[in-house]
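Counting starts at 1 for both ligands and their atoms, following the listed order.
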Amino acid sequence: MTDATPPRPLPSLTGLAGEFYAWCRKHELRFQRCTACGTWRHVPRELCAACGSWDWEWARSSGQGRVFTWTVAVRAMHPAFQRAVPYAAVVVEMDEGVRILSTVADCPPDALGIGVPVTVAFDEVTPEVTLPTFRRAAKGVSP
Ligand SMILES: [Zn+2]
């Protein structure tokens with residue numbers, strides 16, 4: 001019996017999502033921000049839901065946020081995650097107001113709490129794909 005773990009599924013690097021992950025590869029967390037009304041948005045899309053403008057930019061996030069909610073996976077839904085369970089899929093609300101689905105790498109699921117301050121980190125999964133993840137922020141970093 002071999003110990004080969006299949007590769008984990010990775011995001012598509014095309015279109016606007018590809019641009020998002022290209023910034024992650026540079027260790028920069030950026031979200032779209034409407035240049036007409038200033039509203040941040042995520043996941044990437046062409047049109048501002050607040051004002052209808054097609055004009056936007058990739059604006060750099062502070063990288064600071066808080067745990068909004070989470071769920072714990074106790075059974076791997078893909079063989080690549082067999083060794084990771086149990087793990088928490090966490091929704092982080094960034095200081096800019098957008099929410100992103102990720103993980104809090106240094107926090108076991110039973111230590112999570114709503115409002116726990118977190119800061120972005122980057123997980124270089126492959127030479128082409130870097131995923132944003134989070135770590136608990138040091139006390140006092142994010143008020
Ligand atoms: Zn707008």
### Query
Could Arg33 and Glu57 be called an ion pair, given the rule that one side-chain N must be under 4.0 Å from one carboxylate O?
yes
### Met77: hydrophobic cluster co-members (side-chain, 4.5 Å)
none
### Query
In a check of side-chain hydrogen bond (donor to acceptor under 3.5 Å, both in side chains) between Thr119 and each of Arg135, Arg136, Gln64, which one passes?
Gln64
### Pairing of Glu28 and Lys26 as salt bridge, 4.0 angstrom limit
no
Which atom pairs, one a donor and one an acceptor, fall under 3.5 Å between side chains of residues 11-18 and the rest of the protein, sequence neighbours left out?
residue: Ser12; atom: OG; partner: Thr14; partner atom: N; Å: 3.4
residue: Ser12; atom: OG; partner: Thr14; partner atom: OG1; Å: 2.8

### Task
Could you pull out the N/O/S protein atoms under 2.8 Å of the Zn ion (ligand 1), ignoring any water?
Cys34 SG, Cys37 SG, Cys48 SG, Cys51 SG
## Note on the structure
For Thr39, the side chain to side chain contact (heavy atoms under 4.5 Å, CB included) test, sequence neighbours excluded, returns Cys37, Cys48, Ala50
